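First comes the structure, then the notes that go with it.
Just so it is clear: chains get the letters A, B, ... in the order the sequence lines come, proteins before strands, and each one is counted from 1. Here the structure is a predicted model, which means the values were calculated and not measured.
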Protein chains: 2
Amino acid sequence: MNIPERTIERISQYRRLLCDLKKHGRKNVYSHDLAERIGSTATQVRRDLMLLGFSGNSKTGYEISGLSQKISELLDNPGGEKVALFGVGNLGRALMPFFAAHHQDLRIVASFDIDPDKFGRVINGCRCYSSDEMGVIIPRESIKVAILAVPAGSAQSVTDELVNAGIRGILNFVPVSLQVPAGVVVENMDMGMALEKVAFMARQIEKDLNCKKRGRDKT
Amino acid sequence: MNIPERTIERISQYRRLLCDLKKHGRKNVYSHDLAERIGSTATQVRRDLMLLGFSGNSKTGYEISGLSQKISELLDNPGGEKVALFGVGNLGRALMPFFAAHHQDLRIVASFDIDPDKFGRVINGCRCYSSDEMGVIIPRESIKVAILAVPAGSAQSVTDELVNAGIRGILNFVPVSLQVPAGVVVENMDMGMALEKVAFMARQIEKDLNCKKRGRDKT
DNA sequence: CTCTTATCGTGAAATTATTCACAGCCTAAA
DNA sequence: TTTAGGCTGTGAATAATTTCACGATAAGAG
């Protein structure tokens, strides 16, 4: 049972949506309803849920709480997942309350920085350690997942230490392509790339519309 | 000449890499070199550059400054692209210096919030306005691209106003699926999804390795 | 009871993205 | 001059992903 990466992404989105719906008192949901809300198609939703191994029925669609639970069984670590944050700068400090608010399953339990002023301080409910201590603390707490938000210049060297310390998954906010050995996963949150892309695509669409319009005018 | 979205993303990454290489005094680069650095394949790089319409040669590979320029011609708006930031909270304030440092072509020229304490203040070199003013300022400055970093509850309503005001591309940091009319592009920076995914994949890989190991042991 | 309607589940087709395979080119060495 | 080696450009093959198309199911209307 191997679920493609794209499907994993959508499943995470489905769960968020399902939580919202649950809060609004909804008990059931149709594939086309989910699809519309995440900008996909009903077929796609049904196929994803098929891969997940969850069945609905033709009259009421999918049962929300059962589906949420099934998704949690797939995505969540039993007992929660500890996360370490590297780089307690502007971005790092902004991320802490964000994840605290939206994800109780993913807990940032330690942060690391090279600024001695921060050592020992508790920032956003999370103790900040010296980067030198990661080799001790990460194995001790058996932390497997890290968020990287350090300056570009030190991203690779921190990554190397981090992998040594036992980290297996990195959410990378630094606009640098990290080199990691096999067995370690990197997910890039490339904000610069995303902004360039969205600007490009907005221009592109505008251009296409103009072309079509002009095309119509001529005809 | 229609370039697929995936290729656009990689092209943006190539450019960043090329700038680094240029700073290090490199003049030329081979496809396999670029590929290694972004974790792709030489063939993929060559095909991307082919779509871009840039040629190298068999002895020296690709000429870095020429290629950078070609990429800029594709991705950049002549005269730069003005960007507006919505939501000057922790995240919003962290994003301003980030983009200022990494992207001179994409300039955040205005920010908006609903907190009256912030109106009129200049934060990170950027004036903060009341959200009520977006209908005036966005058309006046002909801003087409927006970064959305508001609380989840107001994301959709701000989006609606924003589209009304003439925004055509939105980089969305809010964990909510935005509904927009045709002709408007949304790019989701779904940090929660990304963290869930990286945690899942890290566990997955570990599991796979164990399976393989056990498989070997038995054989 | 039968018909209509709305939905799910899924094999198969279509589409999109990536990789293979190799011709062609250039340079340096023999 | 010839040969070998390393690289680019790209048609064709392959793989991944999405969409189509349709049978199955259930429930309400007539």
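Between Tyr30(A) and the phosphate of dT5(C), there is no side-chain N or O to OP1/OP2 separation shorter than 4.0 Å. For dG11(C), neither phosphate oxygen OP1 nor OP2 lies less than 4.0 angstrom from any side-chain nitrogen or oxygen of Arg46(A).
By the 30° and 60° cut-offs, the orientation of the rings of His32(B) relative to Tyr30(B) is parallel.
Distances were taken from every side-chain heavy atom of His32(A) (C-beta onward) to each of dC20(C), dT7(C), dT8(D); the shortest belongs to dT7(C). The side chain of Arg47(A) lies closest to dC20(D) when the candidates are dC20(C), dA26(D), dC20(D).
A straight line from CD of Glu63(B) to C1' of dC7(D) spans 17 Å, rounded to a whole angstrom. Rounded to an integer number of Å, the gap from Gln44(A) CD to dG9(C) P is 15 Å. One interatomic measurement links the two molecules: CG of Asp33(A) to C1' of dT7(C), which rounds to 13 Å at whole-angstrom precision. If you take CD1 of Ile11(B) and P of dA17(C), they are 13 Å apart, rounded to a whole angstrom.
Side-chain contact annotation: Gln179(B) with Ser177(B), donor-acceptor N/O pair under 3.5 Å absent.
If you check every strand for non-hydrogen atoms under 4.0 Å, Ser31(B) touches sugar and phosphate atoms only. Here Thr60(B) lies out of heavy-atom contact (under 4.0 Å) with every strand. At the heavy-atom level, Thr41(B) lies under 4.0 Å from the strands shown only through sugar-phosphate atoms. The residue Thr7(A) sits apart from the nucleic acid: no heavy atom pair falls under 4.0 Å.
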Under 3.5 Å, side-chain donor or acceptor atoms of residues 82-91 of chain B against the rest of the protein: list the pairs with distances, not counting sequence neighbours.
{"from": "Lys82(B)", "atom 1": "NZ", "to": "Glu141(B)", "atom 2": "O", "distance (Å)": "3.2"}
{"from": "Lys82(B)", "atom 1": "NZ", "to": "Glu141(B)", "atom 2": "OE1", "distance (Å)": "3.4"}
{"from": "Asn90(B)", "atom 1": "OD1", "to": "Arg93(B)", "atom 2": "NH2", "distance (Å)": "3.4"}

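DNA chain D is contacted by both Ser55(B) and Glu5(A); Ser55(B) maps to the nucleotide lying nearer its 5′ end (nearest heavy atom per residue).
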Evaluation steps, side chain to side chain contact (heavy atoms under 4.5 Å, CB included), between Leu74(B) and Ile3(B)
CA-CA 10 Å; Leu74(B) 177 75; Ile3(B) 300 183; 3.9 Å; yes

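Put simply, the side chain of Ser58(A) and the base of dT25(D) share a donor and an acceptor less than 3.5 Å apart.
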